[in-house]
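Notes follow once the structure below has been shown.
By convention here, the first residue in the shown sequence is residue 1.
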Amino acid sequence: QVQLVESGGGLVQAGGSLRLSCAVSGRTFSKGAMGWFRQAPGKEREFVATISWNNGNTYYTNYANSVKGRFTISRDNAKNTVYLQMNNLKPEDTAVYYCAADPSGVLTTTSDYWGQGTQVTVSS
């Protein structure tokens with residue numbers, strides 16, 4: 001059984017930083033992708049960031065244009081955890097952030113494994 005547990009959400013002032021964590025329990029994948037989508041009230045779920053790897057080696061990262069240069073995704077293989085470092089946060093970053101994983105190496109909104117979601121609120 002694969003479970004994704006998210007943490008790190010909260011309230012932060014505009015311009016501040018927050019780090020999200022997504023820990024994987026159960027089986028792990030020698031090849032795969034993990035990352036985050038987010039959904040704000042009244043908006044569609046949107047891609048945020050992804051990291052993919054093969055045999056423990058990261059070979060690809062990608063970011064939504066809206067967060068590029070501000071967010072950084074990384075992976076700790078020993079802890080089976082992916083992190084999203086969010087810097088220079090803006091009020092428009094306010095959303096529920098959902099971690100996802102896919103052993104195919106490509107994340108989509110239909111990927112099989114999802115975290116419970118964590119609320120990120122950025123005050124102006």
Side-chain angles (χ1 to χ4, degrees):
Q1 187 177 24
V2 175
Q3 293 180 319
L4 276 57
V5 180
E6 298 183 55
S7 62
L11 175 65
V12 66
Q13 298 179 30
S17 298
L18 212 57
R19 181 185 289 266
L20 304 184
S21 299
C22 181
V24 178
S25 62
R27 66 168 293 185
T28 57
F29 309 114
S30 59
K31 175 185 178 182
M34 293 181 63
W36 276 267
F37 292 79
R38 68 186 182 187
Q39 189 162 19
K43 299 182 68 176
E44 292 184 329
R45 182 172 50 178
E46 65 174 346
F47 167 77
V48 177
T50 188
I51 184 168
S52 59
W53 65 93
N54 190 7
N55 294 320
N57 297 317
T58 300
Y59 65 91
Y60 181 78
T61 60
N62 194 29
Y63 302 90
N65 288 335
S66 59
V67 306
K68 192 173 184 179
R70 299 187 297 119
F71 291 9
T72 303
I73 191 168
S74 61
R75 182 171 185 262
D76 186 331
N77 292 339
K79 296 181 179 180
N80 294 319
T81 300
V82 171
Y83 303 95
L84 184 67
Q85 179 66 45
M86 305 184 294
N87 296 326
N88 192 24
L89 283 161
K90 303 176 180 180
E92 50 263 44
D93 295 318
T94 296
V96 177
Y97 284 69
Y98 295 95
C99 179
D102 197 313
S104 74
V106 179
L107 275 179
T108 72
T109 56
T110 60
S111 292
D112 289 337
Y113 305 108
W114 293 86
Q116 79 281 8
T118 185
Q119 176 71 47
V120 172
T121 302
V122 184
S123 62
S124 59

If only atom types and distance count, is the side chain of [X] paired as donor or acceptor with the main-chain N or O of [Y] below 3.5 Å?
X      : Y     : answer
Tyr98  : Gln39 : no
Arg75  : Ile51 : no
Gln116 : Glu6  : yes

Using every non-hydrogen atom in the two residues, find where [X] and [Y] come nearest and quote the distance to one decimal.
X      : Y     : answer
Gly105 : Ser52 : O-CB, 3.7 Å
Trp36  : Cys99 : CD1-N, 3.6 Å
Leu20  : Gly9  : CD2-N, 3.6 Å
Ile73  : Gly35 : CD1-CA, 3.8 Å
Ala95  : Ala40 : CB-N, 3.8 Å

Output the distance between atom [atom1] ([X]) and atom [atom2] ([Y]), rounded to the nearest 0.5 Å.
X      : Y     : atom1 : atom2 : value
Asp102 : Thr50 : CG    : OG1   : 9.0 Å
Ser104 : Lys31 : OG    : NZ    : 7.5 Å
Leu84  : Ser21 : CG    : OG    : 9.5 Å
Thr109 : Phe47 : OG1   : CZ    : 12.0 Å
Asp93  : Ser66 : CG    : OG    : 7.0 Å

Is [X] linked to [Y] within one hydrophobic cluster, defined over Ile, Leu, Val, Met, Phe, Trp and Tyr using a side-chain heavy-atom separation of less than 4.5 Å?
X      : Y     : value
Leu4   : Trp53 : yes
Met86  : Tyr83 : no
Leu107 : Val67 : no
Tyr63  : Phe37 : no

Side chain to side chain contact (heavy atoms under 4.5 Å, CB included) partner of Val12, the single match among Val122, Thr121, Thr94
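The single option meeting the side chain to side chain contact (heavy atoms under 4.5 Å, CB included) with Val12 is Val122.
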When Gln3, Lys79, Met34 are each screened for side chain to side chain contact (heavy atoms under 4.5 Å, CB included) with Val24, the one that passes is Met34
Would you please classify the geometry between the Tyr97 ring and the Phe71 ring as parallel, tilted or perpendicular, with 30° and 60° separating the classes?
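Tilted, since the angle between the ring planes falls between 30° and 60°.
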In this structure, are over 12 heavy atoms from other groups packed under 6.0 Å from Glu92 atom CD?
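Yes, because the 6.0 Å sphere around CD of Glu92 holds more than 12 heavy atoms from other groups.
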